[in-house]
Amino acid sequence: MGGFPILSAMTFLPLAGALIIMIVRAATAGSREASSSDTEGRTALLAGLIISGATFIASLAAFAAFDASQSGYQLVEQYSWYRNISYKMGIDGLSITLILLTTFLIPICLLASWNSIHKRVTEYVVAFLVLETFIIGVFTAMDLVLFYIFFEAGLIPMFLIIGIWGGKDKIYAAFKFFLYTLIGSLLMLVAVVYMYQTAGGSDFEILEKYAFDPNVQTWLWLAFMASFAVKLPMWPVHTWLPDAHVQAPTAGSVLLAGILLKMGGYGFLRFSLPMFPDASQLFQPFMFALAVIAIVYTSLVAWRQTDMKKLIAYSSVAHMGFVTLGVFAFNEAGVQGAIFQMLSHGLISGALFLIVGVVYDRMHTREIAAYGGLVHRMPVYATFFMLFTMANVGLPGTSGFIGEILTMVGGFQASTWAAAGAALGVIFSAVYMLTLYRRTVFGQITNPELNSIKDMNMIEWICIAPLAFLTILFGVAPNLIFNITEGSALRILNLMAGG
Amino acid sequence: MIDFTAMILAVGPELWLVAMALIGVLVGATLKDRFNNASIKFGALALFAAAAFSLMNYEGGEAFNGLVRTNMFVNFAKFVSYVLAGFALLASEGFLKRHGTIRYEYALLILLASFGMGMILSAADLMTLYMGVETLSLSSYVLAAFHRDSAKASEAGLKYFVLGALASGMLLYGASLVYGFSGSTEYVLIAAAEPSIGMMFGMVLMIVGLAFKVSAAPMHIWTPDVYEGAPTPVVAFFASAPKMASMVVFANVMFTMFGDVIDQWQLILCIIAGLSMIIGSLGALTQTNIKRLLGYSSIANMGYALVAVAAGRELGAGPLLVFMTLYVIASLGLFMGVLAMRRKGGMVEGINELGGLMRKRPVLAIALSILIFSMAGLPPFGGFFGKWEVLSAGVEAGLMPVVIILVLASVVSLGYYLRLIKIMWFDEPTEKFEAIDGSVTLTVLLAALIAGILFLFFINALSGWASTAAMGLTG
């Protein structure tokens with residue numbers, strides 16, 4: 001309490017920036033005819049970069065103020081708002097990790113759009129900044145209703161990003177994304193209303209202490225799961241994801257895979273486990289089954305894809321299966337592994353989408369068959385691609401390995417069969433990723449258009465290199481993350497055990 | 001001896017409105033067409049003043065030997081209705097001028113309709129209720145057919161009249177049964193009377209009549225046709241002020257007159273609410289005429305509101321006011337958006353005529369989008385809190401099935417709301433937009449600002465007022 005409200009500042013900084021950009025644009029609307037619209041777009045992108053950079057610095061400041069040795073919520077800001085709902089912000093190890101991931105990826109997203117987005121750039125930047133506010137809000141909110149507001153509000157800018165700047169079937173993909181996600185969230189809303197009334201408030205700490213009747217828990221758990229399973233996404237409600245990914249612009253895909261999916265895992269950890277422990281126990285086998293199906297089935301589906309983005313999208317579903325497995329293992333290895341896997345997948349899949357974006361910007365196709373022999377023309381690109389391919393497969397030394405091994409260790413302790421099924425997924429991921437790599441990068445150049453393709457430029461370097469660095473860094477020194485998340489992981493498990 | 005103070009306290013705004021309407025008739029008869037332009041502002045000023053009066057005597061009172069009795073609950077609704085009626089009137093000037101139908105009768109009819117709204121809100125007696133309903137309805141029929149040279153408008157007016165007369169008949173028949181079995185026409189005496197099967201028959205018939213007035217399914221058939229045919233500013237009026245008034249009256253009748261027999265009507269209202277939500281949201285999906293689309297959407301929204309009514313007086317009265325306030329503001333704003341569409345000489349109402357609005361008029365497009373999302377109940381916009389309140393009331397009253405229908409209907413409704421968003425944001429503009437009247441833009445922006453954004457900060461105050469107002473009902 002007291003002091004500078006760093007969390008609110010961090011959350012609403014992008015929104016304020018977006019408003020300023022809109023006002024400036026409206027004010028200069030008269031003189032816009034004179035300067036070319038492209039100049040205006042570059043200026044807007046630059047402004048967006050500065051604002052999101054400042055947000056990143058703000059999140060670092062929050063991280064500096066964060067004390068990893070404590071397990072509870074920190075830097076809490078609370079103001080009463082409406083009935084028993086309060087405007088309450090706070091962070092713990094779980095949320096600060098995801099916040100840092102968000103604020104780190106958004107500038108990269110904007111930078112990656114520098115050469116690929118040419119229409120309605122100002123609106124594009126505004127949409128990204130507004131979305132950033134909502135995403136950070138999801139992770140900082142400490143009141144269920146406030147959480148819900150941020151959680152659902154984020155749909156609107158993402159809908160616009162896919163729908164305006166997307167590919168050929170963007171309208172279909174945008175609608176599918178929106179309606180799929182919404183049906184889950186609205187069922188959750190009914191549960192939220194019920195919890196708010198039964199527990200007499202929607203503060204996380206009240207709800208964590210309140211013991212819901214086990215029978216009721218089942219329904220509440222299912223309602224929350226409807227929302228998070230779509231968001232994560234889990235098989236069989238994952239089908240919106242490949243469509244959304246394929247149609248979204250590169251930066252949109254990065255954001256979607258890198259951060260939006262993590263809201264599902266965050267939700268399971270934040271609500272399902274601590275607030276409905278009995279129901280979580282009850283549904284453990286069910287979730288394991290879904291996780292294993294997701295891992296095996298979507299890995300196989302990914303193998304047969306001819307579109308690079310679709311392949312990575314399906315691989316995302318498989319990797320999120322590991323998160324489910326870890327979360328519902330209910331042990332430290334599993335939960336820590338799930339958090340780590342979310343972070344690591346955010347970096348790796350983000351990077352993979354950027355890597356697809358690099359060649360897409362040059363060739364305007366994502367068909368795997370159109371490529372081949374890229375290593376002859378783009379050696380640097382091939383190197384980065386190799387690194388992230390290996391990271392996605394889970395090669396030791398990359399962050400992908402740590403996440404997968406830990407969730408499997410956790411899963412193994414809870415259920416041998418689930419872990420064994422998940423281990424199959426590791427093999428399959430090697431199959432589809434290496435196939436992808438071989439068919440695009442190795443071999444002879446068969447497509448004559450590839451002869452003039454250029455290697456990565458400076459902007460692409462700046463976007464991808466930091467991700468590569470972090471992927472290796474966290475792969476070598478995972479304790480950097482575990483130290484932060486340990487407190488909250490243990491706290492979640494404690495709450496689950498009724499402590 | 002007539003107690004003027006009590007009269008002013010209870011129905012001051014209505015007395016003022018009817019006086020203004022009669023003065024308007026006299027002035028109009030003297031000045032003839034010279035009064036046409038000024039009448040709009042005259043009417044709007046009268047309405048805003050009436051709104052102010054209803055706030056001044058917020059506590060309300062009783063007059064005419066118990067024929068009218070007002071409290072905070074109805075005064076809240078009066079205030080909102082009058083303000084919205086004023087805005088709807090102001091924004092219609094440009095439209096009427098373009099169509100050459102600006103006549104002073106228009107403003108006077110709106111004043112009289114508003115007087116009717118005030119009467120039904122103030123009613124504490126079946127007689128007053130029926131008189132008010134008829135005043136409101138008769139003015140509305142004429143307004144719907146105000147473009148007398150247009151076949152569609154005449155059809156709308158006639159349809160509205162025939163069906164409305166039937167509904168009024170039902171209401172009257174129900175009221176007479178209630179009177180016959182309870183022995184009184186006064187709300188409080190009816191509430192105190194021993195419930196009998198005849199009275200319940202009367203109650204059901206009254207519900208049918210009132211459901212027609214708020215366009216709830218299955219008494220909704222008139223809504224899309226009337227919305228499509230009637231002149232757009234008139235529809236903007238229908239969809240805002242009278243909606244608020246009728247819904248609050250519906251609640252008032254159920255709560256005050258039949259509050260003790262809630263178990264007799266709760267299920268009926270749940271069915272009406274569920275049907276309205278399903279029919280409204282599915283019906284709107286395939287519409288390409290924006291006014292029909294909004295008509296169906298209003299049916300669905302009335303379903304949401306009826307969930308609050310079905311939750312009963314203690315749980316539902318406050319949420320109903322919050323929901324309806326947010327809804328009618330957004331509704332008025334959206335119909336103003338229809339006025340901002342391409343006109344191509346006449347009035348074109350295909351939803352594609354909003355295509356590319358974002359490229360050409362970004363401010364208006366953003367405002368309309370906020371209103372659409374607000375009406376769809378998406379956070380962070382104000383409409384979310386309306387839906388939150390209704391959901392809370394429904395869940396607390398244990399009406400889970402209808403709450404689930406509400407949630408699923410909202411998902412379906414997003415199907416058409418998003419279509420509007422898509423047309424405004426994704427489609428490229430093919431043709432130019434015509435100039436828009438200042439008052440229309442102002443109304444849209446105000447509505448978006450208030451219903452969309454500001455309520456985020458004032459929702460606490462609004463729900464506080466609504467709860468206090470709802471206490472006026474119990475007291």
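Naming convention: chains lettered A, B, ... in sequence-line order (proteins, then strands); numbering from 1 in each chain. As the structure is a prediction and not an experimental result, all values here were calculated from the model.
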State the CZ-NZ distance between A:F159 and B:K422, to the nearest 0.5 angstrom. 9.0 Å
Taking the six-membered ring where the residue is Trp, are the ring centres of B:W388 and A:Y196 under 6.0 Å apart? yes
With side chains defined as the heavy atoms from C-beta onward, is the minimum distance between A:I183 and B:L408 less than 4.5 Å? yes
Would you say the side chain of A:L189 lies within less than 4.5 Å of the side chain of B:K387, judging by non-hydrogen atoms? no
Using non-hydrogen atoms and a 4.5 Å limit, figure out which bit of B:L406 sits close to chain A: side chain, backbone, both or neither. neither
Measure A:L155 against the heavy atoms of chain B and call it side chain, backbone, both or neither at under 4.5 Å. neither
Please name the residue in the list B:L418, B:L378, B:I421 that meets the side-chain contact (heavy atoms from CB on, under 4.5 Å) test with A:I156. B:L378
Is the backbone of A:Q197 close enough, under 3.5 Å, to the side chain of B:E396 for a donor and an acceptor to pair up by distance? no
Where does A:Y194 contact chain B at under 4.5 Å (heavy atoms): side chain, backbone, both or neither? both
Would a 4.5 Å heavy-atom cut-off, applied to side chains only, mark A:I162 and B:F426 as touching? no
Side chain proximity check, A:F151 to B:P379, heavy atoms < 4.5 angstrom: no
Here the gap from A:L160 atom CG to B:S369 atom OG, rounded to the nearest 0.5 Å, amounts to 7.5 Å
Parallel, tilted or perpendicular: which one describes the rings of B:F385 and A:W81, with boundaries at 30° and 60°? perpendicular
Would you say the side chain of A:I164 lies within less than 4.5 Å of the side chain of B:M358, judging by non-hydrogen atoms? no
If you compare all heavy atoms of A:L187 against all heavy atoms of B:V407, which two are closest, and at what distance to 0.1 Å? N-CG1, 4.0 Å
Might you point out which heavy atoms bring A:L182 and B:L414 nearest each other, and give the distance in Å? CD2-CG, 3.4 Å
Between B:G415 and A:F175, what is the shortest heavy-atom contact and its length? O-CE2, 3.8 Å
NZ of A:K119: more than 12 outside heavy atoms within 6.0 angstrom? yes
